[in-house]
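What's counted below: heavy atoms across the whole structure, side chains too, no hydrogens, waters or symmetry copies. These numbers were taken from a predicted model, which means no experiment stands behind them.
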Amino acid sequence: MTASLGIIATIDTTVLRPALVAGAVAALVAGLGALALPSPRPGVVGLPVSIAALFTLRYQLGAPFAPIAVFVAVGVVFVAGELAARAQNPVWWYAPALGGVVFALTNIVSVPIVARLAAATGAVVTGIALADFDKRHASQGLGVLLLVITCWVPTFLAPGSGAGPAIAGASVWMLLLLVPKPFARVGAGGACAVAVAFWWAVLISAGWPQGGDNLIGAAIACGFLLFEPLARFVLQRLSGLQNRRRSTRDSIWLVVATAAAAQVALGVYGVAVTARLDALDLALLSAIPAVVIGSLVATEVVPSPRRQSRRHSRRE
């Protein structure tokens with residue numbers, strides 16, 4: 001308990017407070033956009049969160065903490081993600097890699113190019129996986145909920161850093177868009193945009209030259225946002241007869257609560273275990289059980305829309 005209170009006490013409130021204000025404005029913009037757009041549950045969450053987080057970093061900590069190149073990377077991946085979501089050809093999903101290149105080429109003092117490449121790759125993969133997850137589970141609002149949980153992770157990766165509170169405060173108000181029921185999604189372009197902001201916050205708060213374990217810890221903390229789409233892509237567990245018939249699939253609130261609890265647990269594991277090993281090889285080894293267990297839980301607990309549609313058809 002004392003250690004937990006110590007970590008909370010080291011949160012940079014000078015950054016968190018303006019981030020909360022910027023996040024409130026972002027949530028207002030997203031809410032008005034969701035109400036104005038004709039599409040059910042439009043994707044309006046990700047872009048405002050990323051802009052609010054980077055804006056806070058730039059004007060509270062200085063231009064080196066959020067250079068123009070990062071804003072360019074956010075813009076590129078947003079447009080690429082939106083185009084990919086609307087295109088019929090899946091090849092378009094390679095387009096967000098262009099923003100990843102801009103991310104990797106953005107110079108950060110004391111951060112090696114290998115780390116920037118790793119973080120840029122993580123941003124592209126996370127953005128694509130989150131876009132898929134968000135679209136697939138829009139009715140439960142899981143994309144927005146788990147994104148907000150994940151955005152608090154950089155705050156605890158390196159206590160005292162201002163990067164974590166910036167994205168945490170920018171995201172937390174988006175929970176209001178889930179009340180009384182979800183009426184907005186992260187969005188395809190927004191998922192790629194917020195992934196850039198998230199991995200940028202992780203990168204500059206990781207602590208270099210030693211910091212690779214923090215990158216691995218952040219990947220684990222992404223949890224269901226990564227594990228569920230990737231596990232489905234590899235194992236095809238959530239299609240047809242391979243869906244596990246469990247009573248938890250019939251209770252949306254139980255599924256949401258289980259997914260949120262698992263996401264929190266993965267975040268705590270990434271922060272408290274993996275990111276504290278101070279050795280890249282040990283961090284990679286510690287990631288194996290988290291990835292295996294997280295993927296199995298994700299594919300067995302999170303409901304498949306195909307199975308839900310079958311159930312509703314039988315009821316009708």
For residues 80-105, pull every pair meeting ring-ring contact (aromatic ring centres under 6.0 Å, His included), keeping only residues two or more places apart or in separate chains.
Phe103-Trp200

With distance as the sole test, does Asp213 use its side chain to make a donor-acceptor pair with the main-chain N or O of Ala283 at under 3.5 Å?
no

Stepwise, does the side chain to side chain contact (heavy atoms under 4.5 Å, CB included) test hold for Ile288 with Leu285?
CA-CA 6 Å; Ile288 295 175; Leu285 287 175; 4.3 Å; yes

Whether the side chain of Thr274 engages the backbone of Gly217 through a donor-acceptor N/O pair (distance < 3.5 Å, no angle test) should be reported.
no

Give a yes or no answer on whether the side chain of Glu228 reaches the backbone of Ala298 with a donor-acceptor pair at less than 3.5 Å.
no

Distance-only donor-acceptor pairs under 3.5 Å for side chains of residues 124-132, two or more places apart:
unit_1	atom_1	unit_2	atom_2	d
Thr126	OG1	Gly122	O	2.6
Thr126	OG1	Trp199	NE1	3.0
Asp132	OD2	Arg232	NH2	2.5

Without swapping roles, check the side chain of Arg58 against the backbone of Ala53 for a donor-acceptor pair under 3.5 Å.
no

As a quick check of understanding, evaluate side chain to side chain donor-acceptor pair (under 3.5 Å) for Gln263 and Thr150, giving each step before the final call.
CA-CA 8 Å; Gln263 189 78 355; Thr150 306; 2.7 Å; yes

Does the side chain to side chain contact (heavy atoms under 4.5 Å, CB included) test come out yes or no for Leu142 and Arg136, once each step is laid out?
CA-CA 9 Å; Leu142 281 178; Arg136 191 174 175 83; over 6 Å; no

Side-chain (Ser50) to main-chain (Leu47) donor-acceptor, under 3.5 angstrom:
yes

Under the criterion side chain to side chain contact (heavy atoms under 4.5 Å, CB included), I'd like the reasoning laid out for Leu20 against Trp173: C-alpha separation, chi angles, the key distance, then a yes or no.
CA-CA 8 Å; Leu20 288 170; Trp173 296 109; 3.9 Å; yes

Determine yes or no for a side-chain-to-main-chain donor-acceptor pair under 3.5 angstrom, with Arg185 supplying the side chain and Ala138 the backbone.
no

The side chain to side chain contact (heavy atoms under 4.5 Å, CB included) partner of Ile149 among Leu175, Val172, Val264, Val144 is Val264

